[in-house]
Protein chains: 2
Amino acid sequence: MTTNSARPRGRPRRFNPEEGVAIDQRLFHARGYDAASVADLTEALGINPPSFYAAFGSKAGLYARVLDRYSCAGAIPLSEILRPNRPVAECLAALLEAAARNYAADPAAAGCLTLEGTRCNDPEARDAARAMDRAAIDTIRRFIAARHPEEADQVTNYIETTMAGLSAKARSGHGLDRLLATARLAGLILAQALRV
Amino acid sequence: MTTNSARPRGRPRRFNPEEGVAIDQRLFHARGYDAASVADLTEALGINPPSFYAAFGSKAGLYARVLDRYSCAGAIPLSEILRPNRPVAECLAALLEAAARNYAADPAAAGCLTLEGTRCNDPEARDAARAMDRAAIDTIRRFIAARHPEEADQVTNYIETTMAGLSAKARSGHGLDRLLATARLAGLILAQALRV
DNA sequence: CGCTATTTGTAGTCATCGATACAAAATGCC
DNA sequence: GGCATTTTGTATCGATGACTACAAATAGCG
């Protein structure tokens with residue numbers, strides 16, 4: 001067995017890539033994928049382009065890691081909100097409220113990182129964001145279909161559209177109060193739609 | 001009085017700027033402001049950059065003319081939908097339905113040109129789109145406030161958020177059927193919200 | 001101390017962005 | 001015809017985009 005030294009062979013890194021992902025996550029969230037340039041991303045990390053590309057491969061590569069991190073740190077915790085032992089309409093109303101709170105939590109990085117990412121102009125980054133978005137939507141649809149199979153498609157469409165609207169309005173300056181009021185109003189229809 | 005000749009003095013134009021605005025309107029709508037390059041815009045018109053800048057001043061200048069044209073040709077006809085002699089909730093439900101139809105009308109240029117324009121990365125174009133958006137929102141708010149002053153702000157927020165969501169989802173591929181179903185579901189809450 | 005491996009900083013690459021300089025071309029006016 | 005005026009096409013401009021070639025620097029290993 002070879003020695004498993006704590007430090008690898010060559011010159012040591014002067015920055016921590018994991019911390020870099022966290023820092024640039026905020027930058028991507030604040031400015032959007034297109035408007036966050038590699039020059040911005042490297043400057044925020046205090047490194048030069050070669051270190052950036054050695055660590056992350058490409059701008060889109062870093063963005064993929066940011067999206068992964070976002071699902072664990074920053075995104076709405078779907079599994080905590082969509083509980084199998086609670087009425088579906090109640091869960092979905094809570095989801096919309098959580099979206100309002102989440103999207104308004106940081107005014108400098110408003111809206112949903114993933115949802116906004118699905119609208120950028122880079123095909124690779126856009127596809128990565130869309131894949132993440134689809135996964136979240138499928139989770140919601142399956143949660144609804146488990147108890148309301150007939151209404152699952154329609155209500156899922158309504159939820160994702162409302163969340164997209166909340167994210168868009170958060171980015172255009174709507175604060176917590178307005179988002180929350182809208183989310184609650186939007187949530188009122190769910191009980192009817194699910195025939196509770 | 002000087003002679004008002006039909007044709008001005010110098011070399012005649014080989015293209016019609018008004019037609020150019022109409023053609024590039026579709027291009028802006030299809031790709032978004034940022035992704036539609038001046039090279040694209042001039043090629044679509046069959047002209048070279050100098051003719052483009054002589055006629056429109058700048059890319060953002062053309063976009064301002066496109067937004068103006070959109071309000072007359074392409075956008076939702078607010079004045080036809082928000083009728084003072086019809087119940088407010090009914091008008092707003094019709095507005096959401098019109099939005100669904102309008103945003104899905106041309107799959108290659110989905111969503112609302114103005115709403116999508118408010119999210120671009122060029123400050124000048126973004127401000128122009130935001131001004132147009134604010135004007136539309138104010139029209140809606142005043143229409144509601146005329147008969148439901150207490151609920152005007154909240155319901156206006158709900159309407160603009162829902163329309164932003166519909167536009168976003170139209171661009172992400174939702175067809176007429178899904179948008180319409182969502183718009184109708186969203187419209188159901190209006191009667192309750194306005195205490196009719 | 002060499003030797004290898006890896007990261008670093010400098011200084012670029014090439015493509016594309018929006019926007020222009022300039023002279024030839026095409027018209028009206030006299 | 002000759003001049004003034006305006007648009008045209010060609011061929012760029014400088015700035016910025018993502019990305020890299022290359023050699024000096026810094027470590028472990030023998």
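Every heavy atom of this structure was used, including side-chain atoms; hydrogens, water molecules and symmetry mates were not. Numbers restart at 1 for each chain; the letters A, B, ... are given by sequence-line order, proteins then strands.
Atom CG in A:Leu45 sits about 11 Å away from atom P in C:dT8, given to the nearest Å. Between the CG atom of A:Asn48 and the P atom of D:dA23 there is a distance of 18 Å, given to the nearest Å. Note: CZ (A:Phe15) to P (C:dT6) measures 16 Å, nearest angstrom. Rounded to whole Å, atom P of C:dT7 lies 15 Å from atom CZ of A:Phe52. Atom pair A:Lys59:NZ and D:dA18:P shows a separation of 4 Å (rounding to whole Å applied). Atom CG in A:Asp40 sits roughly 14 Å away from atom P in D:dC19 (whole-Å rounding). Rounded to whole angstrom, the span from the CZ atom of B:Arg14 across to the C1' atom of D:dT6 amounts to 15 Å. C:dG18 atom P lies 14 Å from atom OH of B:Tyr63, rounded to whole Å.
Side-chain N/O atoms of B:Ser37 and B:Asp40 include a donor and acceptor closer than 3.5 Å.
Contact annotation: A:Ser51 side-chain N/O to C:dT8 OP1/OP2 distance is under 4.0 Å. At least one side-chain nitrogen or oxygen of A:Tyr53 sits closer than 4.0 Å to the OP1 or OP2 atom of D:dC19.
Comparing D:dA21, D:dT8, D:dA25 by their closest approach to the side chain of A:Pro50 singles out D:dA21. For B:Arg13, the side-chain atoms get nearest to D:dT8 when compared with the rest of D:dG17, C:dG18, D:dT8. For A:Val38, whose side chain is taken as the heavy atoms from C-beta onward, the closest listed nucleotide among C:dA21, D:dT26, D:dA18 is D:dA18.
Ring orientation note: the planes of B:Tyr33 and B:Phe28 are close to parallel, at an angle under 30° on the 30°/60° scale.
Two residues, B:Pro49 and B:Gly10, neighbour DNA chain D, and the one matched to the more 5' nucleotide by heavy-atom proximity is B:Gly10. The 5' end of DNA chain C is approached more closely, in terms of each residue's nearest nucleotide, by A:Ala54 than by the other of B:Ala60 and A:Ala54.
For a distance-only test at 3.5 Å, the side chain of A:Arg9 fails to qualify as a donor-acceptor partner of the base of D:dA27.
For the pair B:Arg86 (side chain) and B:Cys91 (backbone), a donor-acceptor distance under 3.5 Å is absent.
Around the CZ atom of A:Arg14, the shell of radius 6.0 Å holds no more than 12 heavy atoms that belong to other residues, nucleotides or ligands.
B:Ala55 comes within 4.0 angstrom of no nucleic acid atom, judged by non-hydrogen atoms across all strands. Residue-level contact check: B:Pro12 touches the backbone only, with heavy atoms under 4.0 Å from sugar-phosphate atoms and none from bases.
The hydrophobic clustering, which links ILVMFWY residues whose side-chain heavy atoms are closer than 4.5 Å, places A:Ile76 and A:Ile137 apart.
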